[in-house]
Amino acid sequence: MVAVPRLFYERPPEVVAPELLGKLLVSRVGRAVMAGRIVEVEAYLGPHHATPDAAAHSHRGPTARNRVLFGPAGHAYVYSIYGQYFCMNVNCEPEGQAGCVLLRALEPLDGVEAMARRRGIAMDGSLKALRGLTSGPSRLCMALGIERAAHNGLDLTDVDSRLAIVDDGFDRGDVQVTARIGINPANAAVDWPLRFCLAESEFVSGPRLGARVAARRSKNVVAI
DNA sequence: AGGCCGATCCTCT
DNA sequence: GAGGATCGGCCTA
């Protein structure tokens, strides 16, 4: 079990994103340890990119909110959204450049009971209940106790950190690529193929596997 | 299963 | 002053 090194993150987010699939996000809050496998991510490109990504928080340059994105790679960028939720990104690219990867879903592995308490979901042994814990960018933050005040700017490359990403040697298998979720349709970047999922995972956000198979034929799946 | 809606407040213009 | 990288509840079918 080794932390993913900083060099891994010092690359463009569209390269880092699919390689993050299968890695583990580990969170320690007090005595509780909660961990899940990353099964769904999205890349957001920095303003230095040839065609600017207008959906990215960094695209108008540094602000008070997004300054972590312009710092060194391998740090957490946590922001609040809709007044009640948080989302977590991993900062990529060398210092000064602002690409990042949004974590959108995990497969819960360790500390499931603690996650269930935080989410207010009763574990009845069903896949549905387990999925509900971490199948969404803000759901996974709630489940792992991730919030802006405590976690924004933390270094994820130290296994002893309160928040870290580690590699357990898992073979990620096939990766599915689609457009990103929740992007304003007026945005020029709305169709860019920057969402990456583990094709076989039951823990991706949104419709279940059966429905996704049907959706492949008609919808926004760019490649499998 | 899919669509609509309100909650709720931070961030940037 | 406007809008958002969301979620959960409620509706129809």
Side-chain angles (χ1 to χ4, degrees), chain A residues 13-14 16-18 20-21 25 38-47 49 52-70 76-92 98-106 108 115-116 118-122 126-153 177-197 202-220:
Chain A
E14 69 273 26
V16 173
L20 265 181
L21 295 174
L25 178 65
I38 299 168
V39 300
E40 177 182 350
V41 297
E42 286 176 356
Y44 287 86
L45 312 185
H49 194 264
D53 179 3
H57 286 179
S58 62
H59 100 104
R60 291 177 202 271
T63 66
R65 175 174 67 162
N66 69 18
R67 67 186 166 72
V68 171
L69 294 177
F70 292 86
Y77 167 53
V78 181
Y79 67 92
S80 64
I81 185 170
Y82 298 111
Q84 41 196 342
Y85 302 115
F86 296 101
C87 293
M88 176 192 163
N89 297 253
V90 186
N91 186 32
C92 298
C100 66
V101 175
L102 171 71
L103 305 187
R104 285 197 57 91
L106 307 177
M115 293 188 204
R118 290 181 175 284
R119 294 279 293 118
I121 295 176
S126 71
L127 178 62
K128 180 180 180 208
L130 200 55
R131 275 187 91 249
L133 296 178
T134 51
S135 60
S138 296
R139 287 175 173 178
L140 73 88
C141 285
M142 290 184 252
L144 272 67
I146 297 167
E147 46 192 66
R148 178 172 157 96
H151 296 93
N152 187 46
V177 187
T178 78
R180 295 174 293 187
I181 305 288
I183 306 299
N184 189 319
N187 197 309
V190 66
D191 290 325
W192 292 6
L194 293 175
R195 173 174 174 253
F196 305 87
C197 306
E202 290 281 350
F203 295 92
V204 169
S205 70
R208 291 275 315 285
L209 189 60
R212 293 209 310 279
V213 170
R216 280 177 198 177
R217 303 194 188 92
S218 56
K219 290 240 178 136
N220 56 355

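Chain naming here is simple, since letters A, B, ... match the order of the sequence lines and numbering starts at 1 in each. Just so it is clear, the model here is predicted, and its values are computed rather than measured.
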Taken to the nearest whole Å, CD/A/Glu147 to P/C/dT6 is 19 Å
Between the CE atom in A/Met142 and the CZ atom in A/Arg119, the distance rounded to the nearest 0.5 Å is 4.5 Å
Exactly one of A/Leu103, A/Thr134, A/Leu140 clears side-chain contact (heavy atoms from CB on, under 4.5 Å) with A/Ile38, and that residue is A/Leu103
When rounded to the nearest 0.5 Å, the distance separating CG of A/Asn89 from NE2 of A/His57 is 7.5 Å
Between NZ of A/Lys128 and C1' of B/dA1 the distance, given in whole Å, is 12 Å
To the nearest angstrom, the NE2-C1' distance between A/His59 and C/dG3 comes to 13 Å
Encoded 5' to 3' (Watson-Crick or G-U under 3.5 Å; [ ] crossing; | other strand), DNA chain C becomes ||||.|||||||.
task: Could you please spell out the steps behind the side chain to side chain contact (heavy atoms under 4.5 Å, CB included) verdict for A/Leu106 and A/Leu144?
output: CA-CA 10 Å; A/Leu106 307 177; A/Leu144 272 67; 4.0 Å; yes
Is there any protein nitrogen or oxygen under 3.5 Å from a nitrogen or oxygen in nucleotides 8-10 of chain C, and what are the pairs?
{"residue": "C/dG8", "atom": "OP1", "partner": "A/Arg119", "partner atom": "NH1", "Å": "2.9"}
{"residue": "C/dG8", "atom": "OP1", "partner": "A/Arg119", "partner atom": "NH2", "Å": "3.0"}
{"residue": "C/dG8", "atom": "OP2", "partner": "A/Arg139", "partner atom": "NE", "Å": "2.7"}
{"residue": "C/dG8", "atom": "OP2", "partner": "A/Arg139", "partner atom": "NH2", "Å": "2.7"}

* To do: Tell me, with the steps shown, if A/Tyr77 and A/Val90 meet side chain to side chain contact (heavy atoms under 4.5 Å, CB included).
  => CA-CA 6 Å; A/Tyr77 167 53; A/Val90 186; over 6 Å; no
d(A/Leu194 CG, A/Leu102 CG) to nearest 0.5 Å is 11.5 Å
Fill in: Check: A/Phe203 and A/Leu130 side chains under 4.5 Å, non-hydrogen atoms
yes
Below 3.5 Å between N/O atoms, which protein atoms pair up with nucleotides 9-13 of chain B? Just atom names and distances, please.
{"residue": "B/dC12", "atom": "OP1", "partner": "A/Thr63", "partner atom": "OG1", "Å": "2.1"}
{"residue": "B/dC12", "atom": "OP1", "partner": "A/Arg65", "partner atom": "N", "Å": "3.3"}

Separation between CZ (A/Arg180) and CZ (A/Phe196), nearest 0.5 Å, reads 9.5 Å
Taken to the nearest whole Å, CG/A/Leu140 to C1'/C/dT6 is 12 Å
Between CD1 of A/Ile181 and C1' of B/dG2 the distance, given in whole Å, is 14 Å
One thing to verify: whether A/Arg104 and A/Glu42 come together as a salt bridge, which I'm taking to mean a side-chain N less than 4.0 angstrom from a carboxylate O. yes
Value for CG (A/Asp53) from CD1 (A/Ile183), rounded to nearest 0.5 Å, stands at 7.5 Å
* Identify whether any heavy atom of A/Asn184 sits under 4.0 Å from a base atom; if not, whether one sits that close to sugar-phosphate; answer base, sugar-phosphate or nothing. => sugar-phosphate
Please determine whether side chain to side chain contact (heavy atoms under 4.5 Å, CB included) holds for the pair A/Tyr85 and A/Cys141, giving the CA-CA distance in whole Å, both sets of side-chain angles, and the decisive distance to 0.1 Å.
CA-CA 8 Å; A/Tyr85 302 115; A/Cys141 285; over 6 Å; no
